[in-house]
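Each remark here refers to the structure printed beneath this line.
In what follows, chains are A, B, ... by sequence order, proteins preceding strands, each numbered from 1. Just so it is clear, the structure is predicted and the values come from calculations on it, not from any experiment.
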Amino acid sequence: MTTDNPPTSPGSVDDWFESRLHWRALMDALLHVRVPLEAKTFFFGGMTLFLFGVQVVTGTLLALYYKPTPEAAYDSVLFITSDVSFGWLIRSVHHWSANLMILFLVFHLLRVFFQAAYKYPRELTWVVGIGLLGLTMMFGFTGYLLPWDQRAYWATVVGTEIAGGIPFIGDALLVLLRGGADVTEATLSRFFGIHVLVLPLALGAVVAIHLVFVHQQGLANPTKPDPRPPAVPQGRTKPFFPHYILEEVIAWLFLLAMLVVLSSLFPAGLEEEANPLETPAHVKPEWYFLGVYELLKHIPWKVVGILTPMVFIVLLAVLPFIDRNPEVRPRKRPLAIALGILTIAVLIGLTIWGYYS
Amino acid sequence: MSQQPTADPGTSGFSRRRLLAALAGFSIISTLTMIVAPILGFLIPPKTSGAAAGGKVLVGTVADIPPGQGKVVPVGSSPTIIVNTDQGLNAFSAICPHLGCIVTWDPGSNVILCPCHDGRFNPTTGAVLSGPPPSGLPAEEVTVEDDQIFVVSS
């Protein structure tokens, strides 16, 4: 990757840092790189990262008032929403940011798929990215239980039951997830610990790996495959900093505005407190699990319904090693594009079916 | 004078290098085991005694469940559905064998219904009538003594 060397003046802040930290070499390596002019990322990856940042800030704030016990959780969420200044806003932004994070992660995945940016030399970046998708889904699943309302409770019962249906390891996995046979205070403690400690650290580390890979390889050019062996791209380029970053920040500001508008118009709700003796009528999970939930209704063999999404995720992870076609332009990879569109249609169809059934 | 062949320490059967590598490998594996074993052990929840260790549990009176009605009641930590049909009182585990939701009595169609995926069960036998549940609801023993309903918990 080529770098720019911006001019500096002696006696500046830049000089002060340079004399102590060899700052310029670090900044040159991190920021002053060039990206192909043809690269169109639509900023989806960066927007997902920004939303993760929003989640860290709002999640930390919520943790100051939230109490992770079945007796106190529901009331503490009510307290945050009704009594704490801006509590409704912080909670609703956390709720919407979680949903948008998954949405933009999927957009990012689709962009990379349709531009064939998962091909040589970026296979491992794709695999790590699918790991990030898995971690983000786990964030959604564990965070969902925390309000301890009816929807939270029953989504967790069904979700952990699905994990319990995996052949051979299901029973052990169910007990490990729930901290016992049933969804109880042990489950809430576990999910809280995983949601606020394990997953943020894991996601932070895996995002760092993802970004290092992206930095080492540069952005993909969707109009031509990367040369083998690797060579400095010859096409037209533009500076990553400040040109690309500036556009990215504009996208982030747009997202921030969208979060506030969505939170104000559709604040995060709270159903009745969890009741382990009553499953509410027509209970449904969050939209991103709705397709799997509907699939389980129609596949007569439960184990097949449980394994199908898992096999799909594994196939998605190893896609760069299955798709050996070196072409990147969509019209030269008709099979991949057709399968991609078919998959999206099935997923959207199942989700809409699940929503209305 | 003939020279005696000497053993090359690098190619002998068990060199110092291999011994050190084996010892280092053993140290790494034992250290990892020492760290991972207690973490895994800690994650597996301890066995608890459970809320109900068996016996008869009072769940209500006959007046609570008139003919043609059903009700979910707690028996220890496991919910049970009692239905009052033409054949008398029947009790079944209220946990749907599909995905663990709690079934309910549907007075409109006189069946036991799971609200999650619309699984339907026979109120007399607990057998699946329709929907995705892979098996019926396990029956539980129910007795009536002086208008009081008891479920015999196993």
Between chain B and chain A, which donor-acceptor atom pairs come closer than 3.5 Å, counting both backbone and side-chain atoms?
unit_1	atom_1	unit_2	atom_2	d
A:R190	NH1	B:L43	O	2.8
A:R190	NH2	B:L43	O	2.7
A:T279	OG1	B:I102	N	2.6
A:T279	OG1	B:I102	O	3.4
A:Y293	O	B:H117	NE2	2.7
A:Y293	OH	B:C116	O	3.1
A:L296	O	B:H98	NE2	3.3
A:K302	NZ	B:H98	O	2.7

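The shortest side-chain heavy-atom distance between A:V175 and B:P45 falls under the 4.5 Å cut-off. Between B:I44 and A:L176, the closest side-chain pair of non-hydrogen atoms falls below 4.5 Å.
If you tally non-hydrogen atom pairs under 4.5 Å between each of B:P79, B:C101, B:C96 and chain A, the highest count goes to B:C101. Comparing B:C114, B:G131, B:A94, B:P74 by how many heavy-atom pairs each has under 4.5 Å with chain A, the most go to B:P74. When each of B:L99, B:V73, B:V72 is checked for heavy-atom pairs under 4.5 Å with chain A, B:L99 comes out on top.
Of all the heavy atoms in B:P115 and A:P280, the pair that sits closest is CB-O, 3.6 Å.
Proximity to chain B (any heavy atom under 4.5 Å) is shown, for A:I306, by neither the backbone nor the side chain.
Atom CZ of B:F150 has more than 12 heavy atoms from other residues, nucleotides or ligands within 6.0 Å.
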